[in-house]
Amino acid sequence: MRRVLKWIGIALVGLVGILAVLALAGYVASERRLNRAYEVAGRALTLPSDAASVAEGQRLTIIRGCVDCHGADYGGQVMIDSPLIGRAYGPNLTVGQGSATADFTVEDWDRAVRHGIGPDGRPLFVMPSYHYAGLSDEDLGRMIAFLRAAPPVDRA
């Protein structure tokens, strides 16, 4: 009986060791992917300034789901809060204090929205750019014009 318990113990320790190695490999692979830099040229878009286009930009941000991650005021909010995954925030898109986009150029907006790439070339965490890759230049321009004109929200 002792011999059987000894082998069960060895098997359990081996299994825990294998799981630890797999977890470490997953962590290293995800860190490499998150820290990889991409070179994507952003498109220079023309931003409209008329009230109708800015209002359409607001409508587009709502129907395209920007408010789901960035909040109804576009100032950012908790979008994932899970003990297993962690906590993730949608960043502040307004020009208020704590803004993630205050220094964005139009090309930076294009890279972020259509490709999920930040100004530094690194991937944006949980940016579903595949939903926005097919936006027309005009629609994306309207969305950016609205977000630049949206009331500032001071939220880091």
Side-chain angles (χ1 to χ4, degrees), residues 16 18-156:
V16 168
I18 289 170
L19 291 174
V21 168
L22 288 173
L24 179 63
Y27 174 78
V28 169
S30 65
E31 282 297 309
R32 286 185 65 200
R33 187 169 188 177
L34 286 173
N35 290 316
R36 182 176 173 195
Y38 297 88
E39 288 199 30
V40 176
R43 296 171 81 170
L45 306 171
T46 303
L47 301 185
S49 57
D50 61 287
S53 293
V54 172
E56 176 63 9
Q58 180 179 18
R59 187 186 77 80
L60 288 168
T61 61
I62 292 168
I63 66 169
R64 289 295 193 148
C66 300
V67 294
D68 296 340
C69 297
H70 300 284
D73 62 0
Y74 304 93
Q77 70 177 12
V78 176
M79 56 183 203
I80 298 172
D81 191 5
S82 167
L84 296 176
I85 299 172
R87 184 175 292 159
Y89 298 87
N92 183 348
L93 299 181
T94 71
V95 294
Q97 187 177 25
S99 173
T101 59
D103 297 328
F104 269 30
T105 64
V106 174
E107 291 83 3
D108 292 336
W109 277 101
D110 179 64
R111 273 190 294 276
V113 174
R114 288 185 173 152
H115 303 285
I117 304 295
D120 61 357
R122 292 180 51 210
L124 300 174
F125 185 67
V126 193
M127 177 60 191
S129 55
Y130 52 88
H131 287 300
Y132 308 106
L135 278 173
S136 70
D137 289 352
E138 293 78 19
D139 282 348
L140 183 55
R142 290 178 188 114
M143 292 170 72
I144 296 168
F146 163 72
L147 290 168
R148 284 187 166 179
V153 176
D154 295 333
R155 189 178 306 134

Compare all side-chain heavy atoms of [X] with those of [Y] and state whether any distance is below 4.5 angstrom.
{"X": "Leu147", "Y": "Thr94", "result": "no"}
{"X": "Val78", "Y": "Arg87", "result": "yes"}
{"X": "Tyr132", "Y": "Met127", "result": "yes"}
{"X": "His115", "Y": "Leu124", "result": "no"}
{"X": "Arg142", "Y": "Pro48", "result": "yes"}
{"X": "Arg43", "Y": "Arg114", "result": "yes"}

Please check: side-chain N/O of [X] versus main-chain N/O of [Y], any donor-acceptor pairing under 3.5 Å?
{"X": "Asp81", "Y": "Ala88", "value": "no"}
{"X": "Asp154", "Y": "Gln97", "value": "yes"}
{"X": "Asp110", "Y": "Glu107", "value": "no"}
{"X": "Ser30", "Y": "Gly26", "value": "yes"}

Gap between atom [atom2] of [Y] and atom [atom1] of [X] - 0.5 Å precision:
{"X": "Leu60", "Y": "Ile144", "atom1": "CG", "atom2": "CD1", "result": "11.5 Å"}
{"X": "Leu47", "Y": "Asp137", "atom1": "CG", "atom2": "CG", "result": "10.5 Å"}
{"X": "Arg122", "Y": "Arg36", "atom1": "CZ", "atom2": "CZ", "result": "13.5 Å"}
{"X": "Asn92", "Y": "Thr101", "atom1": "CG", "atom2": "OG1", "result": "6.5 Å"}
{"X": "Phe104", "Y": "Arg148", "atom1": "CZ", "atom2": "CZ", "result": "10.5 Å"}
{"X": "Tyr89", "Y": "Cys69", "atom1": "OH", "atom2": "SG", "result": "14.0 Å"}

Taking it one step at a time, do Val126 and Met79 satisfy side chain to side chain contact (heavy atoms under 4.5 Å, CB included)?
-> CA-CA 10 Å; Val126 193; Met79 56 183 203; 3.4 Å; yes
Please report the shortest heavy-atom distance between Val40 and Arg111, naming the atom on each side.
-> O-CD, 2.8 Å
Indicate the atoms forming the closest heavy-atom contact of Gly116 with Ser129, along with that distance.
-> N-CB, 3.3 Å
Would Glu138 and Thr46 satisfy side chain to side chain contact (heavy atoms under 4.5 Å, CB included), going step by step from the backbone distance to the final call?
-> CA-CA 8 Å; Glu138 293 78 19; Thr46 303; over 6 Å; no
Quick check: are there more than 12 heavy atoms from other residues, nucleotides or ligands sitting under 6.0 Å from CD of Glu31?
-> yes
For Arg32, what residues pass the side chain to side chain contact (heavy atoms under 4.5 Å, CB included) criterion, not counting sequence neighbours?
-> Val28
Report the C-alpha distance between Arg64 and Asp139 in whole Å, list the side-chain angles of each, state the deciding distance to 0.1 Å, and finish with yes or no for salt bridge (charged side-chain N to carboxylate O under 4.0 Å, His left out).
-> CA-CA 11 Å; Arg64 289 295 193 148; Asp139 282 348; 5.5 Å; no
Residue among Thr61, Leu93, Val54 satisfying side chain to side chain contact (heavy atoms under 4.5 Å, CB included) with Met143 | Thr61
Centroid-centroid distance, Tyr74 to Phe146, less than 6.0 Å = yes
What residues, two or more places apart in sequence or in another chain, satisfy side chain to side chain donor-acceptor pair (under 3.5 Å) together with Asp120?
-> none
